[in-house]
Amino acid sequence: MIRHQIKALSTTTPTELTIEDNVNSVCTLVVQNVDSAEYIYIGNSSVSSSDYGFMIYPSQAFTVELR
C-alpha cells in the first residue's frame, strides 16, 4: 500500500511529519524537496538551519526505512 501526503513547509515554524496509522511491515519514508532554492532541515521539535539531523538540498530527497 502506498500512502502519500503533500505538506507545505514554513520558513519559521517546524512542520511535524507523522504516519497516521499502524504499519505492520517495513515502511519507507521519503521526503522530497521540490523547491529549487530552499533547504529542508529534518530534526526534533527545535529543528533549525543550525540545529538539525539531516539537511535536504533543493530538488533532492531523503529516504529512510522504518520497521
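The structure displayed is predicted, hence computed values, not measured ones.
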Only one of Val31, Asn33, Thr15, Asp35 clears side-chain contact (heavy atoms from CB on, under 4.5 Å) with Leu9; which?
Thr15
Of all the heavy-atom pairs spanning Pro14 and Ser45, show the shortest one and how long it is.
CG-O, 3.6 Å
Starting from Leu29, can I reach Ile56 by hopping between I/L/V/M/F/W/Y residues whose side chains sit under 4.5 Å apart?
yes
Is the Tyr57 ring parallel, tilted or perpendicular to the Tyr39 ring (thresholds 30°, 60°)?
perpendicular
Minimal non-hydrogen separation, Val47 against Tyr41, with atom names
CG2-O, 3.7 Å
Quick one: CE on Met55 to CD on Gln60, what's the gap to the nearest 0.5 Å?
11.0 Å
Heavy-atom nearest pair, Glu16 first then Lys7, reads O-NZ, 3.4 Å
Where is the tightest heavy-atom contact between Ser36 and Ser59, given as atom of each residue plus distance?
CA-OG, 3.9 Å
Starting from Ile40, can I reach Phe54 by hopping between I/L/V/M/F/W/Y residues whose side chains sit under 4.5 Å apart?
yes
